[in-house]
Q: 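First, the structure itself, so that you have it in front of you.
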Amino acid sequence: LAELPDKDSVLVVPERVAKGQGTFLLTASTEAVLLSGDDSLACVTGALDQVLEPVFGKGLRVRHADVPLDGALNISCDAAMPADGYRLEITPGRAEIVAGSAAGAFYAVQTLRQLIPAAAYGAANVRAVELPVVTIEDKPCLGYRGMMLDVCRHFFTVDEVKEALDIMALHKLNVFHWHLTDDQGWRIEIKKYPKLTEVGSVRSRTLIGRDPGGEYDETCRYDETPHGGFYTQDEIREVVAYAAERYITVIPEIEMPGHSLAALTAYPWLGCTNGDESYEIAGWICGPGNVLCPGKESTFEFLENVLDEVVALFPSKLIHIGGDECQHTRWEACPDCQARIAAEGLRDETQLQSYLTHRIDSYLASKGRQLIGWDEIMEGGLSPGAVIMSWRGTQGGIAAAREHHHVVMTPGQYLYFDKRGTDSPDEPVSLNLSLPLEKIYGYDPAEGLSEEEQQYLLGVQANLWTEFVATGKRVEYQLLPRIYALSEIAWSPVARKSWEEFSRQRLPAYLARLDAEGAAYQVPQPHGIREETLEGGCFRFTIRPPFPGCRVYYTLNGATPYDFDREVPGELEVIVPRGEQRVLKCVAVTPAGRRSMVVTTRMGNPGE
């Protein structure tokens with residue numbers, strides 16, 4: 001099996017691709033030769049096994065040598081190269097990976113995977129594949145390339161979390177932000193406080209309707225079925241180790257002082273009512289009673305004890321404390337909080353939250369760790385060592401960089417993957433906002449930052465909140481192919497990116513691989529048509545497939561189009577007689593038979 005290479009067939013467009021003539025024959029008997037005494041390269045051979053076992057039924061035999069060997073895949077490190085950079089060189093006689101570190105070699109293996117024909121993963125009894133002669137040199141643009149998974153709104157098993165990590169690894173992402181506590185559930189075992197999981201990990205019901213716009217909206221629909229789950233500390237260690245093998249750092253998030261209803265339900269004395277109030281874990285958004293009481297020392301004792309167990313489980317430098325959407329209503333009426341404000345000389349409740357952030361920042365620093373939080377932690381004064389995660393647009397991140405704080409850009413309008421991928425109402429239930437692939441791809445995390453300020457830009461992250469994402473396959477569907485666009489944002493400089501090349505050349509090959517692997521993904525909708533209502537008598541549409549190889553079919557009677565209906569000719573004219581309506585529906589169908597969501601345009605001609 002052979003496939004000609006091109007920079008447009010390699011996932012995440014490389015910095016340099018030089019094609020040659022001929023091929024290298026990779027077989028089940030090819031050896032992986034390690035040319036370094038660095039034991040960390042063992043993880044790289046494990047990555048090779050993951051790539052090749054589905055093709056050959058086994059991995060490569062590994063041996064050590066002092067010089068590169070012909071007929072082998074040679075792997076070595078060169079300290080002069082960037083740590084995450086690599087060179088993958090394939091000649092007719094051998095294949096060679098040279099990287100700045102084991103992580104760089106791992107990324108080279110992910111590129112090598114793209115050179116193996118997609119058909120090899122669906123074929124039986126493959127004995128050999130022909131790799132094209134090519135030299136690929138690459139390194140990432142940003143050091144922090146992240147994805148956040150919320151396991152509070154819906155719980156995912158260890159195996160499902162590992163599947164998300166595998167998707168990240170393929171796309172050369174290196175930071176997994178694990179959202180472990182929230183109003184809808186506490187998901188991490190804390191041995192000193194067993195009720196956090198005994199009580200705080202199970203809620204009585206879950207919202208199943210579309211975003212109602214508020215907890216008390218009468219249109220809310222709930223399933224009335226208990227939902228729960230948590231990770232034991234052994235399971236946490238298992239996930240952290242699994243991620244480390246893929247050169248992914250796991251950053252835990254323990255929400256404070258807001259979004260703490262699960263903790264309050266388990267231990268009501270953490271609230272401002274001294275345990276006199278009963279709490280219930282939320283099935284959706286909760287009101288102002290979801291905040292911890294920073295007026296009492298017992299609250300800080302609790303938080304420090306929790307963090308002691310957290311830092312023992314997670315080796316990451318950064319520890320996320322949330323800090324977003326904290327309502328201060330309870331603090332305004334709390335004698336303990338008001339006494340704290342007076343004793344510390346604070347101006348108001350906003351500064352009281354900043355006081356909590358500063359104390360937790362100092363405590364984490366004493367453990368050799370660094371605090372990171374959502375951009376609200378800037379309000380009331382930012383603690384000196386804190387890192388900002390800018391989600392409410394980009395302005396919080398820009399402001400933080402100007403104050404010489406490190407920043408991770410994760411603006412909701414570009415990188416919230418819980419949003420719909422199209423504007424079709426037929427899409428699975430999700431937030432009532434659309435985030436198409438082109439909008440994601442066009443985001444530049446350095447936009448608005450001066451050259452000097454860009455030194456504080458750590459990187460970029462996409463977030464998958466899971467209010468309406470209940471299964472591992474749905475996680476896959478929400479991520480793919482949008483995480484591909486994220487990977488190019490994180491890996492490739494803006495000057496090297498092209499939406500036209502991405503969507504017309506690289507995306508088809510990428511989706512063909514997803515088809516071969518049986519992945520769940522969202523087919524982009526046809527270009528040139530929107531979900532809308534138009535008024536008039538004559539309409540002309542220029543409708544294109546989302547990428548080459550797709551076909552677009554349509555109907556004008558409101559029926560769902562199938563591939564036996566009329567194919568859009570490119571230019572489509574629709575005449576609507578006076579007093580009548582027409583309903584144009586279009587669907588894109590991939591070569592593998594995958595369908596996009598149906599897009600509907602309603603046209604009416606009311607006449608005089």
Side-chain angles (χ1 to χ4, degrees), residues 11-13 110 142 144-150 156 160 163-177 179 391 408-424 426-445 459-469 471-492 497-515 517 519-527 546-547 550 588 590 594-597 599:
L11 179 59
V12 187
V13 59
Q110 303 312 310
L142 296 172
Y144 184 117
R145 306 180 298 278
M147 187 196 82
M148 186 280 293
L149 178 64
D150 162 31
F156 300 96
E160 288 171 330
E163 289 169 0
L165 290 168
D166 286 338
I167 292 173
M168 289 182 62
L170 173 63
H171 295 82
K172 302 177 183 175
L173 303 183
N174 65 348
V175 181
F176 177 54
H177 173 181
H179 186 78
W391 75 277
V408 175
M409 287 296 194
T410 178
Q413 68 266 40
Y414 296 106
L415 297 175
Y416 267 41
F417 286 2
D418 51 329
K419 295 179 180 179
R420 293 183 290 130
T422 71
D423 54 10
S424 171
D426 294 331
E427 191 166 319
V429 174
S430 56
L431 291 184
N432 280 336
L433 296 167
S434 64
L435 181 58
L437 191 63
E438 184 173 3
K439 185 173 182 179
I440 298 168
Y441 188 84
Y443 174 58
D444 175 10
V460 66
Q461 175 176 295
N463 300 321
L464 180 55
W465 303 99
T466 60
E467 291 94 335
F468 304 108
V469 179
T471 66
K473 271 296 180 185
R474 179 68 188 277
V475 168
E476 192 174 66
Y477 178 85
Q478 293 295 129
L479 292 179
L480 302 174
R482 292 192 281 192
I483 200 171
Y484 181 15
L486 170 70
S487 67
E488 290 215 359
I489 294 171
W491 194 271
S492 304
K497 291 171 57 185
S498 164
W499 167 250
E500 188 66 19
E501 289 183 3
F502 175 86
S503 62
R504 310 297 292 174
Q505 299 177 34
R506 295 195 298 282
L507 186 62
Y510 171 79
L511 296 181
R513 292 180 181 280
L514 296 184
D515 287 327
E517 295 166 6
Y521 67 86
Q522 185 174 90
V523 178
Q525 69 185 37
H527 298 306
F547 56 85
C550 275
T590 74
R594 303 277 190 115
R595 296 167 54 84
S596 73
M597 292 295 123
V599 187

Q: List the residues meeting salt bridge (Lys or Arg N to Asp or Glu O under 4.0 Å) with Glu476, not counting sequence neighbours, and say none if there are none.
A: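 Result, salt bridge (Lys or Arg N to Asp or Glu O under 4.0 Å) vs Glu476: Lys473.
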Q: Would you say the side chain of Asp418 lies within less than 4.5 Å of the side chain of Asn463, judging by non-hydrogen atoms?
A: no
Q: What class does the angle between the rings of Tyr443 and Tyr414 fall in, given that below 30° is parallel, 30 to 60° is tilted and above 60° is perpendicular?
A: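 Tyr443 and Tyr414: parallel rings.
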Q: Could you tell me the separation between the OG1 atom of Thr466 and the CG atom of Asp150, rounded to the nearest 0.5 Å?
A: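 Separation between the atoms: 3.5 Å.
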Q: List the atom of Val523, the atom of Ser596, and the distance in Å for their closest heavy-atom pair.
A: O-CB, 3.5 Å
Q: To the closest 0.5 Å, what do you measure between CG (Leu435) and OH (Tyr416)?
A: 12.0 Å
Q: Atom CE in Met409, atom CD in Gln461: separation rounded to 0.5 Å?
A: 13.0 Å
Q: Taking ring-ring contact (aromatic ring centres under 6.0 Å, His included) as the definition, give me every residue that meets it alongside Tyr521, ordered by chain and number, with sequence neighbours left out.
A: none
Q: Any idea which heavy atoms bring Leu173 and Ser487 closest together, and the distance?
A: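 For Leu173 and Ser487, the tightest heavy-atom pair comes out as CD2-CA, 4.3 Å.
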Q: With distance as the sole test, does Arg145 use its side chain to make a donor-acceptor pair with the main-chain N or O of Lys172 at under 3.5 Å?
A: yes
Q: Could you pull out all residues at least two apart from Glu160 that satisfy side chain to side chain contact (heavy atoms under 4.5 Å, CB included)?
A: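 In terms of side chain to side chain contact (heavy atoms under 4.5 Å, CB included), with neighbours along the sequence ignored, Glu160 is linked to Phe156, Thr157, Glu163.
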Q: Looking at CE of Met168 and NE2 of His171, how far apart are the two atoms once the value is rounded to the nearest 0.5 Å?
A: 11.0 Å
Q: Can the ring centres of Tyr144 and His177 be said to be less than 6.0 Å apart?
A: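 For Tyr144 and His177, the ring centres are not under 6.0 Å apart.
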Q: Might you point out which heavy atoms bring Thr410 and Leu415 nearest each other, and give the distance in Å?
A: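 Minimum heavy-atom contact is CA-CD1, 4.1 Å.
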Q: Side chain of Gln525, backbone of Met597: donor and acceptor closer than 3.5 Å?
A: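 No: the side chain of Gln525 does not pair with the backbone of Met597.
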Q: Could you tell me the separation between the CD atom of Gln505 and the CZ atom of Phe547, rounded to the nearest 0.5 Å?
A: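 Those atoms lie 14.0 Å apart.
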Q: Could Lys497 and Tyr441 be counted as a cation-pi pair, given that NZ or CZ must be under 6.0 Å from the ring centre and within 45° of the axis?
A: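 Cation-pi check for Lys497 and Tyr441: passes.
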Q: Can you tell which of Arg482, Gln478, Glu427 makes a side chain to side chain donor-acceptor pair (under 3.5 Å) with Gln522?
A: Glu427
